[in-house]
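Quick note on labels: first sequence line is chain A, next is B, and so on, each numbered from 1.
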Amino acid sequence: MKVHEYQARALLAEAGIPVPASRVIDAPEQAAKAFRQLGAETAVVKAQVHAGGRGKAGYVKLVASANEAKQHATRMFAQPMVSAQTGPAGVKVRKILMAAAVDIAKEYYLGVVVDRARRTPVIMASSQGGVEIEEVAARNPGAIKKAWFHPHLGLQPFQARALAAAIGLYRLQAKTTADIMLKLARLFIEKDCSLAEINPLVQTPTGEILAIDAKMNFDDNALFRQADIAELFDESEENPAELRAKEHNLSYIALDGNIGCLVNGAGLAMSTMDIIKLHGGEPANFLDVGGSVTCEGAVEAFKIILADAKVKAVLVNIFGGIARCDVIADALLRAAQEVGFTVPVVVRLEGTRVDVARQLLKEANIPQLQPATDLTDAARQVCAAV
Amino acid sequence: MSILVDQDTRVICQGITGKAGAFHTAQCLEYGTKVVGGCTPGKGGTQSEHGLPVFDTCHEAVAATGADATMIFVPAAFAGEAAMEAADAGIKLVVLITEGIPTLDMIKARKYLDDHGTRLVGPNCPGIISPGACKIGIMPGYIHKAPSPGSRNIGLISRSGTLTYEAVWQCSERGYAQSTCVGIGGDPVKGLNFIELLDLFEADPDTHAIVMIGEIGGQDEEQAAAHIRAHIHKPVVAFIAGQTAPPGRRMGHAGAIISGGEGTAKSKIAALREAGVTVSDSPATIGEAVAKVLG
């Protein structure tokens with residue numbers, strides 16, 4: 001789960017990591033007052049959306065007066081932000097963060113993620129802050145220094161001290177930064193993060209160390225024990241169809257093509273998309289109904305797929321294991337009744353109770369249903385149907 | 001022959017009194033697995049619906065039944081800890097079926113299991129089966145084909161569940177049996193991975209070819225490719241799911257995500273092909289690819 005920058009900053013501040021003074025506003029008329037409250041000569045006005053590319057899109061602005069703050073806030077609230085990550089319609093800005101601007105002498109990077117290969121969190125630090133870490137990794141991997149957490153003991157102070165020294169900090173700044181690293185590491189563990197990033201961490205001309213921008217993602221699987229984090233979830237940032245699917249325990253991702261997919265199992269769902277593409281088609285979605293799918297869940301899945309106006313044909317690919325083919329067949333029949341099939345639905349069933357399922361579908365005799373003998377046949381049929 | 005589990009493996013089920021645990025224990029018993037008991041804290045001294053003894057702790061279960069493997073269906077919030085309890089009780093193979101376990105719990109559990117010399121399969125996986133001998137998990141038994149004298153057998157390693165069934169089915173249909181199939185699971189932090197299992201299959205005289213089913217996310221397939229090139233002499237067939245997945249999105253499995261340009265299907269397929277692996281472009285031609293390498 002993603003959170004907004006202002007929420008991540010609040011979590012850093014709570015953890016004792018120094019961040020510049022800031023205000024969050026949700027209407028343009030609050031901008032001037034917020035600017036004056038900050039009491040700084042200049043402030044940064046930053047749109048709070050999950051999508052990246054804010055700077056290039058003109059949604060991060062340095063302002064020097066209350067009036068200027070209001071102007072930019074008005075524009076940001078009025079016009080959806082369009083960036084490389086948003087699609088042509090853009091995303092609506094609902095909140096703006098205004099932060100006191102600070103003088104920057106040097107920019108650093110700090111980030112914690114899980115290292116899958118080593119099976120433990122790793123903290124990464126770099127003296128090349130302020131740019132995407134992926135860019136640094138591609139250009140100059142040696143500039144990223146790392147320290148791995150002990151799986152049970154976490155990051156140790158000696159590791160943090162060594163890491164601060166490795167990115168060229170010394171004396172008081174090294175001590176402060178090592179302290180920030182330990183706090184960030186603790187925050188990562190305590191809040192079940194999947195990413196905790198400060199970029200940039202800056203040193204001011206007077207030697208202060210401050211976290212200027214923060215990004216935090218959280219492990220969806222751990223939200224059950226992180227009630228305060230779960231509350232930060234912003235529905236307005238999500239695709240409505242994906243949200244609806246989630247409520248029914250379906251894993252759905254909207255894509256650009258015109259062939260709807262309904263599959264059980266994530267791996268099979270991904271490879272169903274692959275085989276459609278291999279036969280010249282374009283999948284409209286990823287949809288995994290899961291192993292313990294009920295008839296209601298599967299009917300909902302059909303509704304979500306068919307609600308997408310782009311969909312010109314549907315491929316149902318079920319390999320029954322725990323999920324039973326007859327349950328899916330039942331759901332197909334119910335969906336045909338409740339929603340009605342206006343597009344061809346190619347059905348490939350195999351596995352648990354497939355004979356019962358095939359019989360059910362045969363007896364129902366729905367003209368839009370096209371049975372397929374195997375996966376290749378199914379892909380061919382559905383691609384020919386669009 | 002097989003790897004990790006056979007007809008002598010004695011299995012307990014942690015979470016045997018829960019709905020999923022009870023159902024799949026029955027399925028495993030029906031397949032012929034020696035399930036010898038179960039654990040549910042607070043229900044010790046009772047009998048499960050299968051007539052098996054239920055214990056409060058793994059220690060008691062192991063002492064009473066001589067179990068050497070466990071199948072865990074405990075809810076996600078407690079599953080990591082359940083795996084550690086099994087390891088502490090001396091169980092050497094933990095098969096963790098539960099999905100949705102917090103990553104940090106798995107990090108702690110995996111380290112604990114490593115320190116106890118306990119092997120882990122999963123989590124978020126279908127389990128492990130040596131057809132005809134032992135099934136520990138939720139896969140449908142009938143799609144598999146047990147080795148027989150003179151049969152050509154594959155060993156299978158997969159990050160996916162249903163896609164594994166697909167691959168197994170294609171092989172069985174063509175007359176190839178399976179020595180052992182291991183679902184290693186779709187999570188970013190897990191137990192046994194491609195490399196350890198490739199080595200086990202390489203050493204197993206009754207495995208004639210190895211099928212590996214990977215997917216986008218992480219570097220496991222790339223590392224496996226390097227390992228195959230240096231150490232594996234048996235033919236390897238592979239399929240990688242997620243060739244058309246958009247970057248930055250979690251494709252159902254927590255581990256199936258392309259991030260920072262890493263973990264793409266393209267890079268995995270290229271690495272495997274370079275290592276001499278026969279990579280199937282389509283999920284429908286995995287059986288065909290096996291036929292090609294086994295003749």
Which region of [X], side chain (C-beta onward) or backbone (N, CA, C, O), has a non-hydrogen atom less than 4.5 Å from a non-hydrogen atom of chain B, or is it both or neither?
| X | value |
| --- | --- |
| Glu242(A) | side chain |
| Phe319(A) | both |
| Ile318(A) | neither |
| Phe188(A) | both |
| Ser271(A) | both |
| Arg118(A) | neither |

What part of [X] lies closer than 4.5 angstrom to a heavy atom of chain A: side chain, backbone, both or neither?
| X | result |
| --- | --- |
| Glu215(B) | side chain |
| Gln27(B) | neither |
| Arg250(B) | both |
| Asn124(B) | neither |
| Ala265(B) | neither |
| Ile138(B) | both |
| Ile213(B) | neither |
| Met251(B) | both |

Derivation and outcome, side chain to side chain contact (heavy atoms under 4.5 Å, CB included), residues Arg116(A) and Val189(B): CA-CA 6 Å; Arg116(A) 296 163 65 137; Val189(B) 173; 5.5 Å; no
Which atom of [X] lies closest to which atom of [Y], heavy atoms considered:
| X | Y | value |
| --- | --- | --- |
| Lys190(B) | Arg119(A) | O-CD, 3.7 Å |
| Ile107(B) | Pro151(A) | CG2-CB, 3.8 Å |
| Gly267(A) | His253(B) | N-CE1, 4.0 Å |
| Gln223(B) | Ala117(A) | NE2-CB, 4.1 Å |

May I ask you to check whether over 12 heavy atoms, not counting those of [X], lie within 6.0 Å of atom [atom1]?
| X | atom1 | value |
| --- | --- | --- |
| Asp256(A) | CG | no |
| Lys310(A) | NZ | yes |
| Glu85(B) | CD | yes |
| Arg358(A) | CZ | yes |

Report the residues that fulfil ring pair (Phe, Tyr, Trp, His ring centres under 6.0 Å) with Phe73(B), sequence neighbours left out, ordered by chain and then residue number.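 Phe73(B) satisfies ring pair (Phe, Tyr, Trp, His ring centres under 6.0 Å) with His24(B) once adjacent residues are dropped.
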How long is the gap from [atom1] on [X] to [atom2] on [Y], to the nearest 0.5 Å?
| X | Y | atom1 | atom2 | result |
| --- | --- | --- | --- | --- |
| Leu163(B) | Met270(A) | CG | CE | 8.5 Å |
| Asp374(A) | Gln170(B) | CG | CD | 8.5 Å |
| Glu166(B) | Leu268(A) | CD | CG | 6.0 Å |

With chain A, which of Met139(B), Arg249(B), Arg159(B) has the greatest number of heavy-atom pairs at distances under 4.5 Å? Arg249(B)
Under 4.5 Å, counting heavy-atom pairs only, tell me which of Pro140(B), Pro188(B), Ser160(B) racks up the most with chain A.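 Going by pairs under 4.5 Å, I would pick Pro188(B).
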Parallel, tilted or perpendicular: which fits the ring planes of Tyr112(B) and His152(A), with parallel below 30° and perpendicular above 60°?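 The rings of Tyr112(B) and His152(A) sit tilted, inter-plane angle from 30° to 60°.
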Just by distance, with hydrogens left out, do Thr103(B) and Asp219(A) show a side-chain donor and acceptor under 3.5 Å apart? yes
Mind checking whether Phe224(A) and Pro102(B) have side chains closer than 4.5 Å, heavy atoms only? yes
Kindly say whether [Y] contributes a backbone atom to a donor-acceptor pair with the side chain of [X] at under 3.5 angstrom?
| X | Y | answer |
| --- | --- | --- |
| Tyr142(B) | Thr352(A) | yes |
| Ser282(B) | Ile275(A) | no |
| Asp274(A) | Ala241(B) | no |
| Asp288(A) | Gly252(B) | no |

Taking every non-hydrogen pair under 4.5 Å, which of Asn221(A), Thr120(A), Thr376(A) racks up the most with chain B?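 Of the candidates given, the most pairs with chain B belong to Asn221(A).
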Most contacts with chain B, counted as non-hydrogen pairs under 4.5 angstrom, among Arg225(A), His150(A), Glu132(A), His279(A): Arg225(A)
